[in-house]
Every structure is written in C-alpha cells, then in structure tokens.
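The residues of the chain are indexed from 1 along the displayed sequence. Because the structure is predicted, anything quoted here is derived from the model rather than measured.
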Amino acid sequence: MRSIMLQILAVTVINLKSLPQRLWLSLATVIAVGLVVTVLLAFLSMANGFRRTIADSGAEDIAVVLRSGAVSEINSVVLRDQVRLIEDGPGIAKGSDGKPQTSGELYLTVNGIKRSTGTKASLPLRGLGPQGPGLRRGVVMIAGRMFNPGSNEIIVGRALGKEFEGFELGRTVAFNNTRWTVVGIFAADGSVFESEIWADLPVLQSLFKRTGAVQTVRARLTSPAAIETLRAYSDNDPRLKLDVMSEAAYFAQQASNTSDLIQKLGWPLAIAMAFGSLAGALNTMYSSVAARATEIATLRAIGFGGFSAFVGTLVESLILAAIGGVIGAAATYLVFDGFTASTMGASFSQVVFNFQLSPRLIGQGLLLALAVGLFGGLFPALRAARMPIVAGLYG
C-alpha cells in the first residue's frame with residue numbers, strides 16, 4: 001500500500017512540474033472553470049440576498065390579514081367593516097391607551113427612475129396610519145421627520161433613496177397628478193421596508209379613490225401562538241373569511257417565489273457553461289497525457305503501475321479545477337458580495353437588496369468546479385493508465 005501511495009505521489013509531482021510546458025492550455029481550463037463558478041455564485045448570491053432581505057423582514061408576533069386567495073398585498077382588498085372586526089378579534093395586543101395595535105394599509109405602485117440605468121421602474125407606495133411604523137422592527141428616522149397626517153408628505157426608505165433618483169430630502173415628486181414633498185428618510189434594519197415610500201393612509205385613499213377599503217391589515221399579537229386563534233376567528237365569521245398568517249410566514253412565501261426563479265435561471269446557465277469548460281478540461285488533460293507519453297511509459301517500464309498514472313492524471317485535473325473554483329469564488333466575493341441591486345418583487349414593485357455570498361454557496365460553487373475536474377480528467381486518466389509501454393516510448 002505504501003509503495004502505491006509513493007508511486008501516486010511521484011507521478012503527481014511529475015505531472016505538476018510539467019504544467020509550465022502546457023501553460024496556456026492549463027490557464028484556459030482554470031479561467032473557464034473560474035467563469036462557471038463566478039456565474040453560478042453571482043446568481044446564487046443574488047437569490048440569497050433577495051431571500052434574506054424579504055424573509056428577515058417578518059416577525060412572528062405580527063399578523064398579516066389579506067383577502068382570501070390573495071397572493072400578495074397588491075391584489076388584496078379588506079373592507080372597512082372587516083378592519084373593525086379584526087381590531088376586535090382575539091389575540092390582538094392592546095397599547096397603553098387600550099386601543100388595538102393594528103394598521104390598515106394601502107399598497108400602491110408608482111413610477112421611479114433607477115440611478116444606474118435611467119430607466120423607469122415600479123416603486124411601492126404604502127399608506128399607513130399612526131401605528132403602522134411601530135408594527136415594524138427597527139424603524140428609525142435618519143433624516144428629516146415623520147409625515148404629518150392629512151398632508152401630501154412622504155417619507156422614503158433608505159435603500160430606495162440610494163437606488164432611485166429624485167427622493168432626496170426636501171425634493172418634490174409627482175404621483176397620480178399630485179405633488180408630494182419628501183420630508184423624511186427612514187431606516188428599517190435593512191429590511192424590505194427600506195424599499196418603500198410611506199404616506200398618510202387617508203390622504204392616499206382620497207387621492208387614489210380607494211376610500212372604504214384597504215389592502216392589508218397588520219396587527220400585533222399577544223404572542224406568536226395567538227395567530228391560530230385569530231385565524232380561527234376569521235374562518236368562523238362569515239363576514240371575514242380572510243387569509244391570516246404571521247408576517248414571517250408571509251414574507252417567507254414572497255421570498256421563495258422570486259429566489260427560486262433566480263436559482264432556476266442560474267443553475268441551467270452555469271451547467272451549460274460547465275459543459276463548455278468540461279470540453280476545455282478534456283482537451284487540456286488529453287494534451288497532458290500526450291505530452292508525457294514517454295515519461296508515463298518510462299515509469300511503467302521501471303515498475304510503476306497503471307493505477308498510479310490514472311490517479312496522478314486525475315489529481316492534476318482536479319487541482320486545475322480547484323484553482324479555477326477558488327479564483328471564481330474570490331472574484332464573486334470581491335465583485336458581487338454586498339453589491340446593491342433591485343428587482344421585481346411579488347407585488348410587482350421594486351425591492352432593493354444586497355448580494356450575499358455565504359460559505360454554503362461557495363461550497364456549492366467549488367463542488368461544481370471539482371465535478372468539472374473529475375469528469376474532465378477521468379477519460380484522459382484512463383488513457384494514461386492503459387497506455388502501452390512500447391507505444392509511449394516509440395509512438
């Protein structure tokens with residue numbers, strides 16, 4: 001066993017020392033594998049960043065109430081009488097003033113201009129009452145002030161203001177032929193709410209002709225377990241029949257739809273590119289075997305087995321692929337990790353998020369690189385193991 005290991009080590013060292021003779025072919029393989037890993041990890045980090053931004057926004061002790069069957073806020077309707085019934089429902093927490101901690105909200109889309117491309121995009125405009133901000137974690141004003149009730153004033157999420165033009169403090173913007181003044185910028189712990197514009201609910205209802213209804217109701221629960229009590233209350237009252245879920249569950253559902261789509265685009269593209277890099281790896285390794293035919297035959301003649309030639313060639317392929325994988329992962333981290341982008345969310349409006357590369361995703365990229373190295377080196381390694389001594393010495 002020790003003799004076989006020494007033979008494998010000797011063949012591997014010889015193979016690696018001969019790499020400068022095939023520098024450009026080997027470099028092409030490394031770059032091709034690196035590009036495959038970079039493309040895959042870019043898509044996966046984008047999906048991961050989007051999912052975290054959305055999913056981490058939700059709280060277990062906040063209930064979200066939508067029209068039955070509505071998949072998002074934008075296609076939901078909750079009538080005024082239903083809002084009152086929810087406020088009187090079981091499991092709703094009360095404030096120090098004895099009032100239920102609820103917020104009926106309107107969710108609309110308006111146009112904005114991306115700073116990076118100058119193109120139009122749909123932005124979420126949310127109308128909410130006095131308790132709305134308090135039902136969200138970590139909301140703080142970082143510039144300016146809160147909008148005044150009954151006025152055409154808006155406050156803008158920090159992420160949205162960075163990604164889109166015209167929302168600086170003090171600027172005036174036009175929505176639905178009405179002019180609005182930006183009076184504040186708010187942060188919300190990097191959550192999806194930083195991708196929104198907030199205004200006074202009654203003003204929005206009046207100007208957008210949505211009086212008598214909202215699209216969603218948020219309510220603070222006495223405990224996370226109270227969600228089941230509130231859901232049963234809604235199911236058993238024929239005047240309601242609304243969908244009730246925790247905010248965490250709602251955002252997890254919203255995040256999975258888009259992040260799954262991003263991954264379904266990323267994996268096929270990466271696999272298609274992997275086949276291209278596989279062809280390059282095969283070419284490199286066949287050239288390696290051909291260039292070292294005399295060395296392989298000489299080693300076989302002095303007693304080295306075919307297995308050592310097989311493993312040595314395969315290890316060379318795996319090392320080249322691993323180097324490409326590491327370079328690809330490093331490039332993705334340097335270029336994309338933390339990169340800010342925006343894309344369409346489930347409510348047909350833009351969500352601003354950061355690409356997030358994790359160790360688990362890097363592991364997936366390196367596994368793909370090693371798979372390319374394994375299959376790219378397998379058949380050339382078999383050829384090296386089966387090469388006749390005479391053909392290697394005099395071919």
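- Under the 4.5 Å side-chain heavy-atom criterion for Ile, Leu, Val, Met, Phe, Trp and Tyr, Leu367 and Val315 are members of distinct hydrophobic clusters.
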Determine whether Lys120 and Ile113 satisfy the following criterion, side-chain contact (heavy atoms from CB on, under 4.5 Å), listing intermediate values before the conclusion.
CA-CA 5 Å; Lys120 284 186 178 181; Ile113 303 297; 3.5 Å; yes
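- Within the model, atoms CD1 of Ile155 and CD1 of Ile185 stand 9.0 Å from one another, a figure rounded to the nearest 0.5 Å.
- Looking only at distances, a side-chain donor or acceptor of Asp337 sits under 3.5 Å from a matching main-chain atom of Leu357.
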Test Ile154 against Thr181 for side-chain contact (heavy atoms from CB on, under 4.5 Å), laying out the working first.
CA-CA 6 Å; Ile154 57 174; Thr181 303; over 6 Å; no
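- Judged by distance alone, the side chain of Gln215 and the main-chain N or O of Ile74 form a donor-acceptor pair under 3.5 Å.
- With values rounded to the nearest 0.5 angstrom, Ser317 atom OG is found 11.0 Å from Phe375 atom CZ.
- The pair Glu153-Arg145 counts as a salt bridge, with a side-chain nitrogen and a carboxylate oxygen less than 4.0 angstrom apart.
- Smallest separation of non-hydrogen atoms from Ile92 and Ala219: CD1-CB, 3.6 Å.
- Screening residues 196-205 for side chain to side chain donor-acceptor pair (under 3.5 Å) gives Arg126-Glu196, Glu196-Trp198 as the qualifying pairs, with residues at least two apart or on separate chains.
- With rounding to the nearest 0.5 Å, the separation of OG in Ser76 from OH in Tyr107 is 12.5 Å.
- Among residues two or more places apart in sequence or in another chain, the side chain to side chain contact (heavy atoms under 4.5 Å, CB included) test is passed with Thr229 by Pro90.
- More than 12 heavy atoms of other residues, nucleotides or ligands sit less than 6.0 Å from atom CZ of Phe208.
- Other residues, nucleotides and ligands place no more than 12 heavy atoms under 6.0 Å from the CG atom of Asn177.
- Side-chain atoms of Asp189 never come within 3.5 Å of backbone atoms of Ser191 as a donor-acceptor pair (strictly under, hydrogens ignored).
- Here the side chains of Leu240 and Tyr233 are in contact, with some heavy-atom distance below 4.5 Å.
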Begin with the C-alpha distance, continue with both residues' side-chain angles, and end with the deciding distance and a verdict on side-chain contact (heavy atoms from CB on, under 4.5 Å) for Ile197 and Val110.
CA-CA 10 Å; Ile197 305 164; Val110 294; 4.2 Å; yes
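- Using a 4.0 Å cut-off between charged side-chain N and carboxylate O, Arg210 and Glu105 make no salt bridge.
- Counting heavy atoms from C-beta outward, Leu106 and Leu108 have side chains that approach closer than 4.5 Å.
- Hydrophobic cluster membership differs between Leu169 and Leu125, with clusters built from Ile, Leu, Val, Met, Phe, Trp and Tyr side chains linked at under 4.5 angstrom.
- Side-chain contact check for Leu128 versus Phe147: some heavy-atom pair is nearer than 4.5 Å.
- For the residue pair Val182 and Phe167, the shortest heavy atom distance occurs at CG1-O, 3.7 Å.
- For residues 223-234, the set of pairs meeting the salt bridge (charged side-chain N to carboxylate O under 4.0 Å, His left out) definition, not counting sequence neighbours, comprises Glu228-Arg231.
- Judged by distance alone, with hydrogens and angles left aside, the side-chain atoms of Ser234 form a donor-acceptor pair with the main-chain N or O of Leu242 at under 3.5 Å.
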For Arg218 and Glu73, run salt bridge (Lys or Arg N to Asp or Glu O under 4.0 Å): C-alpha distance rounded to whole Å, both residues' side-chain angles, the deciding distance at 0.1 Å, then the answer.
CA-CA 11 Å; Arg218 272 179 169 76; Glu73 292 181 82; 3.6 Å; yes
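- No donor-acceptor pair closer than 3.5 Å links the side chain of Ser206 to the backbone N or O of Val203.
- The pair Asp61-Arg220 counts as a salt bridge, with a side-chain nitrogen and a carboxylate oxygen less than 4.0 angstrom apart.
- What you find for Thr332 and Ala42 is that their closest heavy atoms are CG2-N, 3.9 Å.
- Judged by distance alone, the side chain of Thr117 and the main-chain N or O of Lys114 form no donor-acceptor pair under 3.5 Å.
- Residue Glu60 comes nearest to Ala248 through the heavy atom pair OE2-CB, 3.6 Å, listed as atom of the first residue, atom of the second, then distance.
- Proximity of Asp243 to Val65: side-chain heavy atoms (C-beta onward) are nowhere separated by under 4.5 Å.
- Using a 4.5 Å heavy-atom cutoff, the side chains of Tyr250 and Leu66 are in contact.
- Crowding of Lys94 atom NZ: a count of heavy atoms from other residues, nucleotides or ligands under 6.0 Å exceeding 12.
- To the nearest 0.5 angstrom, Leu40 atom CG is 11.5 Å from Ile362 atom CD1.
- Residues Val78 and Ile62 fall into different hydrophobic clusters, defined by Ile, Leu, Val, Met, Phe, Trp and Tyr side chains chained together at heavy-atom separations under 4.5 Å.
- Following chains of ILVMFWY side-chain contacts shorter than 4.5 Å, one cannot reach Leu204 starting from Val77, and the two form parts of different hydrophobic clusters.
- Between Leu123 and Phe164, the closest side-chain pair of non-hydrogen atoms falls below 4.5 Å.
- Between Glu194 and Arg136, no side-chain nitrogen of the basic residue sits less than 4.0 Å from a carboxylate oxygen of the acidic one, so the salt-bridge criterion is not met.
- Side-chain atoms of Asn236 come within 3.5 Å of backbone atoms of Ala232 as a donor-acceptor pair (strictly under, hydrogens ignored).
- The side-chain heavy atoms of Leu366 and Val37, taken from C-beta on, include no pair separated by under 4.5 Å.
- Between Val30 and Ile323, the closest heavy-atom pair is CG1-CG2, 3.9 Å.
- Shortest non-hydrogen contact noted between Val33 and Gly325 is CG1-N, 3.9 Å.
- Ile227 is not listed as a side-chain neighbour of Met245, based on a closest heavy-atom distance of 4.5 Å or more.
- Panel note: side chain Asn176, backbone Thr178; no donor-acceptor pair is recorded below 3.5 Å.
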Please report the C-alpha distance between Val39 and Val36 in whole Å, then the side-chain angles of each, then the deciding distance to 0.1 Å, and finally whether the side-chain contact (heavy atoms from CB on, under 4.5 Å) criterion is met.
CA-CA 5 Å; Val39 169; Val36 170; over 6 Å; no
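- Relative ring orientation between Phe336 and Phe355 is described as parallel, the plane-to-plane angle staying below 30° on a 0-90° scale split at 30° and 60°.
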Under the salt bridge (Lys or Arg N to Asp or Glu O under 4.0 Å) criterion, do Glu87 and Arg84 qualify, and how do the steps go?
CA-CA 5 Å; Glu87 291 174 345; Arg84 294 193 183 107; over 6 Å; no
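- The distance from the CD1 atom of Ile31 to the CD1 atom of Ile327 is 8.0 Å, given to the nearest 0.5 Å.
- At a threshold of 4.0 Å, the pair Arg115-Glu163 does not count as salt-bridged, since none of the basic side-chain nitrogens sits closer than that to a carboxylate oxygen.
- Expressed to the nearest 0.5 Å, how far CD of Gln82 lies from CZ of Arg67 amounts to 10.5 Å.
- Residues Leu361 and Leu334 fall within the same hydrophobic cluster, defined by Ile, Leu, Val, Met, Phe, Trp and Tyr side chains chained together at heavy-atom separations under 4.5 Å.
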